[in-house]
Amino acid sequence: MRNFSFFHRFSKTFRDYDSNFKLVLLCTTVSGGGLLAYGEAVATSEAAVPEKKKVLVLGTGWAGTSFLRNLNDPRYEVHVVSPRNYFTFTPLLPSVTCGTIEARSIVEPVRNIFRKKHVDSRFSEAECIKIDAVNRKVYCRANINNNSNEKEEFVVDYDYLIIAVGANVNTFNTPGVTENCHFLKEVEDAQRIRRTVIDCFERASLPSVSDEEKKRILHFAIVGGGPTGVEFAAALHDFVSEDLVKLYPGVKDLFKITLLEAGGHILSMFDKRITVFAEDKFRRDGIDVKTGSMVVKVSDREISTKEMKSGEMTSIPYGMAVWSTGIGTRPFIKDFMTQIGQINRRAIATDEWLRVEGTNNVYALGDCATINQRKVMEDIVAIFKKTDADNSGTITLKEFQAVMDDIFERYPQVELFLKNKQMRGIADLLEESKGDVEKESIEINIEELKTALFNVDSQMKFLPATAQVASQQGAYLAKCFDRMEECEKNPEGPIRFRGEGRHRFKPFRYKHLGQFAPLGGEQTAAQLPGDWVSIGHSSQWLWYSVYASKQVSWRTRALVVSDWMRRFIFGRDSSQI
């Protein structure tokens with residue numbers, strides 16, 4: 001009877017429950033018999049499964065990879081399209097050119113990143129050839145030939161498009177650059193440079209080559225005095241002076257490096273103390289630094305330069321030339337910008353939330369895009385109306401302070417302007433415009449507000465095209481996607497001065513964490529936040545620790561550190577493989 005009563009109550013529970021059940025009964029005989037019952041509730045067949053939003057990511061560089069690593073919402077279906085199925089830690093490319101680090105140590109397969117996520121993701125090794133923003137389609141061409149030795153083309157639909165394709169090298173239409181110069185943007189570029197350096201020393205060691213020709217072959221010209229050009233020049237000098245001179249003693253005195261920069265100084269984006277130190281150190285090391293020299297033509301044996309001050313033309317014989325200046329626009333990005341009305345631009349224009357201007361659900365980040373920060377003077381009337389809570393025609397200090405945080409968030413140039421003028425807050429700015437008046441009694445009209453904020457927009461600056469910016473943009477956008485549904489209901493951004501309510505998200509804000517410039521000889525220049533500058537061996541060890549910690553996986557971190565240890569013990573690898 002007890003067993004019957006148990007089954008009766010159990011079956012009644014099934015009948016009374018609203019949902020369907022899936023019942024698995026496992027009966028075993030243990031010590032006279034026993035029963036194990038397991039019930040799993042499942043949704044009714046009528047309940048619709050929410051359809052996942054399709055997110056298409058173009059590119060596996062810093063911006064795209066950062067977005068993929070930080071996206072955690074399983075409600076998205078992510079499709080990544082890129083001609084490279086790996087991520088490259090580009091700041092270490094100069095080390096690859098000289099055998100300090102192996103190429104495999106700074107690349108991470110994209111699928112390894114997918115594997116660690118709970119987001120539905122897939123990858124296609126292909127290049128984008130066209131974007132149709134109206135119909136939300138992207139046309140792609142496979143990077144691998146099919147059985148007919150042709151590259152297949154296919155179309156991908158999307159709900160959200162993330163453009164993170166980086167940029168091409170900008171040759172400024174200089175004749176001969178594409179045909180005769182090496183670039184340093186990809187792993188393949190670094191490997192080609194490494195092989196060419198060794199080739200130059202092997203050719204110069206042949207007995208049939210004259211001394212004059214040997215000097216030309218062993219003359220390495222680097223165009224561009226930015227961080228990449230400077231770091232490569234330093235790495236190449238160390239490679240030759242510490243390793244190759246032992247292997248090629250007969251030509252060690254013929255080696256020369258020339259660094260060409262059109263501007264007045266190298267590393268112009270760094271603190272002046274770093275610029276001066278770098279130029280002095282290079283001259284002591286025998287690196288010929290030619291500032292104010294613009295390259296106008298490159299042949300297979302000579303580089304023609306024009307002196308910016310005198311206009312004098314000079315020809316420089318060379319054995320290998322590396323072009324490391326400027327970034328250009330990819331062809332399909334130019335077509336896309338024309339399609340959406342962004343003509344005669346270097347990069348895609350986005351708003352402060354990284355949305356492409358003139359489109360819906362399209363975002364662009366990294367080197368292929370630039371943020372158009374909204375100007376205060378464009379919105380000054382709307383700001384005044386939103387601040388004038390009582391519609392009196394004037395705004396008081398109390399009214400201004402009520403929206404001050406939103407103004408700082410929406411227009412960061414205001415806060416930067418106050419900081420540069422050493423003002424503690426908006427009250428000091430209004431007091432300055434009104435003259436000798438008590439802060440509490442300040443009231444200003446629209447014209448006085450225009451006068452007070454007239455010079456604020458002069459503080460606006462474009463973000464540099466660096467890995468640090470792209471990485472932060474990718475992480476920011478992933479966070480926005482993770483919280484999109486939540487922020488639709490509860491917006492967390494600043495007030496819409498030209499509309500009602502608030503923006504869904506806070507706008508993107510770049511946080512500069514510092515920058516390094518390795519100068520060779522185990523010395524590095526570091527410029528960190530707070531105007532802190534450090535130059536020397538201690539900064540080199542800081543560089544080691546930062547670049548090791550910033551690797552995207554423990555695998556690459558271990559490989560990079562082991563390569564550094566190998567170099568300290570055995571020297572750099574001088575093979576051509």
Side-chain angles (χ1 to χ4, degrees), residues 49-89 107-126 128 131 136 138 140 156-166 348 350-356 359-369 371 467-493 503-511 550-556:
V49 178
E51 185 178 354
K52 293 185 177 183
K53 294 289 186 179
K54 298 176 182 178
V55 179
L56 176 58
V57 180
L58 301 180
T60 52
W62 280 95
T65 301
S66 178
F67 175 82
L68 296 173
R69 293 181 68 202
N70 289 279
L71 184 68
N72 297 308
D73 194 334
R75 291 172 294 184
Y76 296 110
E77 179 185 312
V78 180
H79 189 174
V80 182
V81 176
S82 173
R84 284 164 294 280
N85 65 354
Y86 55 84
F87 163 77
T88 304
F89 193 86
V107 298
E108 180 70 14
V110 174
R111 287 183 172 86
N112 278 358
I113 299 173
F114 290 168
R115 186 168 52 85
K116 302 171 185 176
K117 309 295 293 184
H118 298 293
V119 180
D120 185 11
S121 306
R122 62 191 179 119
F123 174 80
S124 296
E125 188 173 329
C128 175
I131 298 174
R136 295 189 179 184
V138 171
C140 306
V156 182
D157 299 325
Y158 67 85
D159 294 308
Y160 299 101
L161 175 62
I162 315 296
I163 305 175
V165 296
I348 302 171
T350 73
D351 62 15
E352 297 89 331
W353 291 269
L354 308 183
R355 295 175 301 207
V356 176
T359 67
N360 292 320
N361 297 338
V362 180
Y363 299 81
L365 47 162
D367 292 356
C368 68
I371 297 175
Q468 191 176 160
V469 172
S471 180
Q472 291 186 26
Q473 287 178 337
Y476 162 82
L477 192 59
K479 181 181 178 181
C480 291
F481 271 63
D482 283 344
R483 307 185 69 248
M484 190 170 293
E485 187 173 309
E486 176 186 345
C487 291
E488 285 281 3
K489 301 174 182 177
N490 301 300
E492 61 180 19
H503 292 277
R504 280 187 303 178
F505 310 108
K506 295 181 179 181
F508 171 74
R509 290 290 173 263
Y510 169 61
K511 184 178 180 181
K550 290 297 182 180
Q551 297 298 315
V552 297
S553 71
W554 282 102
R555 184 190 71 86
T556 55

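What's counted below: heavy atoms across the whole structure, side chains too, no hydrogens, waters or symmetry copies.
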Between the side chain of [X] and the main-chain N/O of [Y], is any donor-acceptor distance below 3.5 Å?
| X | Y | result |
| --- | --- | --- |
| Ser66 | Ala475 | yes |
| Thr65 | Thr60 | yes |
| Asp159 | Lys54 | yes |

Residues passing the side-chain contact (heavy atoms from CB on, under 4.5 Å) test with Val469, sequence neighbours excluded, are Leu463, Pro464, Thr466, Gln473, Tyr510
Next item on the list: Could you point out which residue of Asn85, Leu56, Leu68, Ile162 forms a side chain to side chain contact (heavy atoms under 4.5 Å, CB included) with Val80?
Entry: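 It is Leu68, the one option of Asn85, Leu56, Leu68, Ile162 that forms the side chain to side chain contact (heavy atoms under 4.5 Å, CB included) with Val80.
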For the residue pair [X] and [Y], what are the closest heavy atoms and their distance?
| X | Y | answer |
| --- | --- | --- |
| Cys140 | Val81 | SG-CG1, 3.9 Å |
| Asn70 | Asp482 | O-OD2, 3.3 Å |
| Met484 | Tyr363 | CE-OH, 4.4 Å |
| Gln472 | Arg509 | OE1-O, 4.2 Å |
| Tyr476 | Leu354 | CD2-CD1, 3.8 Å |
| Ala63 | Ala164 | CB-CB, 3.9 Å |

query: Out of curiosity, His118 NE2 to Asp73 CG, how far, rounded to the nearest 0.5 Å?
result: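 Going from the NE2 atom of His118 to the CG atom of Asp73 covers 12.5 Å.
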What distance separates Tyr86 OH from Ile113 CD1, expressed to the nearest 0.5 Å?
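If we round to the nearest 0.5 Å, Tyr86:OH and Ile113:CD1 are 13.0 Å apart.
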Check your understanding: Is any side-chain heavy atom of Arg69 less than 4.5 Å from a side-chain heavy atom of Ser471?
Key ->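 No, too far: nothing below the 4.5 Å cut-off.
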How about Asn361 and Thr359: do any of their side-chain heavy atoms sit closer than 4.5 Å? no
Note to self: Determine whether the aromatic ring centres of residues Phe481 and Phe67 are separated by less than 6.0 angstrom.
What the structure shows: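 Yes, the ring of Phe67 comes within the 6.0 Å limit of the ring of Phe481, centre to centre.
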What about Phe87 and Trp62, are their ring centers closer than 6.0 Å? yes
Self-check item: Other residues, nucleotides, ligands: >12 heavy atoms within 6.0 Å of Lys52 NZ
Solution: yes
- Query: Should we count NZ of Lys117 as having more than 12 external heavy atoms under 6.0 Å?
  - Reply: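 It does: Lys117 NZ has more than 12 such atoms within range.
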| query | Given His503 and Glu352, is the side chain to side chain contact (heavy atoms under 4.5 Å, CB included) satisfied, shown in steps? | reply | CA-CA 11 Å; His503 292 277; Glu352 297 89 331; over 6 Å; no
Ring pair (Phe, Tyr, Trp, His ring centres under 6.0 Å) partners for Phe123, two or more places apart: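 None.
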Would you say the side chains of Ser553 and Glu108 form a donor-acceptor pair under 3.5 Å? yes
* Might you work through the side chain to side chain contact (heavy atoms under 4.5 Å, CB included) test for Phe89 and Thr556, ending with a clear yes or no? => CA-CA 9 Å; Phe89 193 86; Thr556 55; over 6 Å; no
Assess the residue pair Leu365 and Phe508 against the criterion (side chain to side chain contact (heavy atoms under 4.5 Å, CB included)); give the C-alpha distance rounded to whole Å, side-chain angles, the decisive distance to 0.1 Å, and a yes or no. CA-CA 11 Å; Leu365 47 162; Phe508 171 74; over 6 Å; no
* **Criterion side chain to side chain contact (heavy atoms under 4.5 Å, CB included) on Ile163 and Ile131, from CA distance to verdict** => CA-CA 10 Å; Ile163 305 175; Ile131 298 174; 3.7 Å; yes
The salt bridge (charged side-chain N to carboxylate O under 4.0 Å, His left out) partner of Glu492 among Lys506, Lys479, Arg483 is Arg483
